[in-house]
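Pasting in a structure now, in structure tokens, and then I'll have a few things to ask.
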Amino acid sequence: MPELPEVETTRRGIRPHVEGRRLSALVVRNPRLRQPVADDLPATIAGLRLAAVGRRAKYLLLDFDAGTVIVHLGMSGSLRVVAAEEPPGAHDHVDFVFGEQALRLRDPRRFGMVLWQTGAVMAHPLLARLGPEPLDEAFDAAWLHRVTRGLRAPIKHVLMDSQRVVGVGNIYASESLYRARIHPLEAAGRLGPQRCTRLVAAVRDTLTAAIAAGGSTLRDFVGGDGQPGYFQQQYFVYGREGEPCRVCATPIQRIVSGQRATYYCPRCQRRR
């Protein structure tokens with residue numbers, strides 16, 4: 001599933017091509033996504049100016065003068081810039097047409113969303129209860145230490161809880177915990193100020209590096225320019241079961257926690 005680095009890569013890729021331009025047309029070939037595209041949306045937003053391309057968590061926010069289109073890429077979707085006349089593929093369900101160019105939503109599994117919100121976009125039910133952005137100042141060691149007090153849940157689960165912090169999905173949680181030298185099953189409430197400081201820095205470093213590499217391409221993801229991401233070439237632990245740790249050469253282990261695969265180095269990430 002595209003996570004924060006992939007969505008931010010998409011945002012940065014499409015923004016220069018469409019921000020400030022007027023939408024010529026919204027072409028909906030298949031409205032049957034995870035939530036159906038509203039029948040009246042093409043008529044509602046045609047001719048509106050796209051004031052800004054933003055992001056909140058894993059959602060792209062296309063801010064028009066009269067409201068915001070919330071786009072979620074689902075499990076395997078992408079939103080990329082194409083020539084408006086380029087023939088669509090079987091899984092190209094929605095085009096935002098801006099003159100000679102279009103933003104084309106490709107979603108093979110149809111788990112994505114294209115929703116319209118008037119008024120305050122952050123009041124939408126999908127966004128209203130989200131935690132802080134991990135690259136914002138609000139996400140710091142003091143905050144992490146405070147919100148984890150008394151929690152017995154594994155710290156990896158807490159990092160992946162979007163009501164506590166957004167965008168740190170399975171891959172980036174595993175990689176961040178490795179960089180911080182914290183076992184993924186360590187109870188969140190056992191982290192002291194020093195380990196919270198290390199973990200916040202590791203999350204920031206991991207996500208920043210992933211964005212710089214264009215995100216991770218494991219299956220279908222491509223950025224707004226149609227290019228794949230390359231961060232998977234820098235993984236320390238994710239998907240490397242049985243391979244030597246890049247620091248100590250101990251074989252990487254894989255466990256399943258919360259129905260998700262978790263990778264770690266048993267020597268570098270000893271449980272306390």
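The structure displayed is predicted, hence computed values, not measured ones. The figures that follow rest on heavy atoms only: side chains count, while hydrogens, waters and symmetry mates do not. We number each residue from 1, following the sequence as shown.
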Using only atom types and a distance under 3.5 Å, with no angle test, would you say the side chain of R22 pairs donor to acceptor with the backbone of G47? yes
So, taking the atom named CD in Q117 and the one named CE in M122, what distance separates them when rounded to the nearest 0.5 Å? 10.5 Å
Donor-acceptor pair, side chain of E3 and main chain of Y172, under 3.5 angstrom: no
With a 4.5 Å cut-off on side-chain heavy atoms, are R110 and H93 touching? yes
Counting C-beta onward and ignoring hydrogens, is there a side-chain heavy-atom pair between R146 and D140 closer than 4.5 Å? no
Same apolar cluster: V27 and V94, side chain cutoff 4.5 Å: no
Separation between OG (S174) and OH (Y263), nearest 0.5 Å, reads 8.5 Å
Atom CZ of R15 with >12 non-hydrogen neighbours under 6.0 angstrom: no
Partner of L105 under side-chain contact (heavy atoms from CB on, under 4.5 Å), picked from V114, D92, L60, V28, is V114
Identified side-chain contact (heavy atoms from CB on, under 4.5 Å) counterpart of L103 within the set L26, V81, D95: V81
Approximate separation, where rounding is to 0.5 Å, of R11 CZ and E19 CD: 8.0 Å
Are F139 and V168 joined in one hydrophobic group, where the rule is that I, L, V, M, F, W and Y side chains link up if heavy atoms are under 4.5 Å apart? yes
Taking ring pair (Phe, Tyr, Trp, His ring centres under 6.0 Å) as the test, write out the residues that go with Y178, two or more places apart. F236
Which distance, rounded to the nearest 0.5 Å, do you find between the OG of S176 and the CG of L207? 5.5 Å
Scan side-chain atoms only and decide if R254 and T262 contain a donor-acceptor pair under the 3.5 Å cut-off. no
On a heavy-atom basis, the closest approach of L144 and T148 is O-OG1, 2.7 Å
Report the residues that fulfil side chain to side chain contact (heavy atoms under 4.5 Å, CB included) with P132, sequence neighbours left out, ordered by chain and then residue number. A138, W143
How about L159 and L199: do any of their side-chain heavy atoms sit closer than 4.5 Å? yes
Parallel, tilted or perpendicular, as decided by the 30° and 60° cut-offs, for the rings of F64 and F98: parallel
Separation between OG1 of T68 and CG of L62, rounded to the nearest 0.5 Å: 8.5 Å
Main-chain N/O of A83 paired with Q101 side-chain donor or acceptor, under 3.5 Å: no
Test log, rule side-chain contact (heavy atoms from CB on, under 4.5 Å), inputs S78 and L73: CA-CA 6 Å; S78 63; L73 299 178; 5.6 Å; no
Please report the C-alpha distance between V71 and M113 in whole Å, then the side-chain angles of each, then the deciding distance to 0.1 Å, and finally whether the side-chain contact (heavy atoms from CB on, under 4.5 Å) criterion is met. CA-CA 5 Å; V71 179; M113 291 184 287; over 6 Å; no
Between C265 and V237, the two heavy atoms sitting closest are N-CG1, 4.2 Å
Are I14 and L23 connected into the same hydrophobic cluster when the rule is that any two of I, L, V, M, F, W, Y join if their side-chain heavy atoms are below 4.5 Å apart? yes
Quick check: are there more than 12 heavy atoms from other residues, nucleotides or ligands sitting under 6.0 Å from CZ of R21? yes
Begin from the C-alpha positions of E8 and R12 and carry the test salt bridge (Lys or Arg N to Asp or Glu O under 4.0 Å) through to its verdict. CA-CA 6 Å; E8 178 63 17; R12 296 183 184 188; 2.8 Å; yes
Can you tell me if R149 uses its side chain to pair, donor with acceptor, with the backbone of G189 under 3.5 Å? yes
Give the minimum heavy-atom separation between L127 and R56, together with the two atoms involved. CD2-CG, 4.2 Å
Checking side-chain polar atoms at under 3.5 Å, does Y264 have a donor or acceptor matched by the opposite partner on Q253? yes
side-chain hydrogen bond (donor to acceptor under 3.5 Å, both in side chains) pairs, two or more places apart, involving residues 158-171: R129-Q163, K156-N170, D161-R164
What pair of heavy atoms forms the shortest contact from F96 to I45, and how long is it? CE2-CD1, 4.4 Å
Counting only heavy atoms not in E100, do more than 12 sit closer than 6.0 Å to its CD atom? yes
Identify whether L151 and V165 are in the same connected component of the hydrophobic contact network (ILVMFWY, side-chain heavy atoms under 4.5 Å). yes
Does some side-chain heavy atom of H157 sit less than 4.5 Å from a side-chain heavy atom of S257? yes
V147 with L191, same ILVMFWY side-chain cluster at under 4.5 Å: yes
What is the distance from atom NE2 of H72 to atom CZ of F111, rounded to the nearest 0.5 Å? 11.5 Å
Residues K58, V166; criterion side-chain contact (heavy atoms from CB on, under 4.5 Å); working and verdict: CA-CA 8 Å; K58 304 173 189 178; V166 300; over 6 Å; no
Would you indicate whether the side-chain heavy atoms of L115 and V37 approach each other to under 4.5 Å? no
Does any non-hydrogen side-chain atom of R198 lie less than 4.5 Å from one of R179? no
If you look at every heavy atom in S76 and R109, which pair is closest and at what distance? OG-CG, 3.5 Å
Please report the C-alpha distance between R272 and R195 in whole Å, then the side-chain angles of each, then the deciding distance to 0.1 Å, and finally whether the side-chain contact (heavy atoms from CB on, under 4.5 Å) criterion is met. CA-CA 12 Å; R272 296 188 182 181; R195 287 201 289 175; 3.7 Å; yes
Are more than 12 heavy atoms from other residues, nucleotides or ligands located less than 6.0 Å from atom CZ of R29? yes
Side chains of W116 and T44: does their closest heavy-atom pair fall under 4.5 Å? yes
Between P88 and R104, is there a side-chain heavy-atom distance shorter than 4.5 Å? yes
Taking all non-hydrogen atoms of both residues into account, name the closest pair between L48 and A66 and its distance. CD1-CB, 4.1 Å
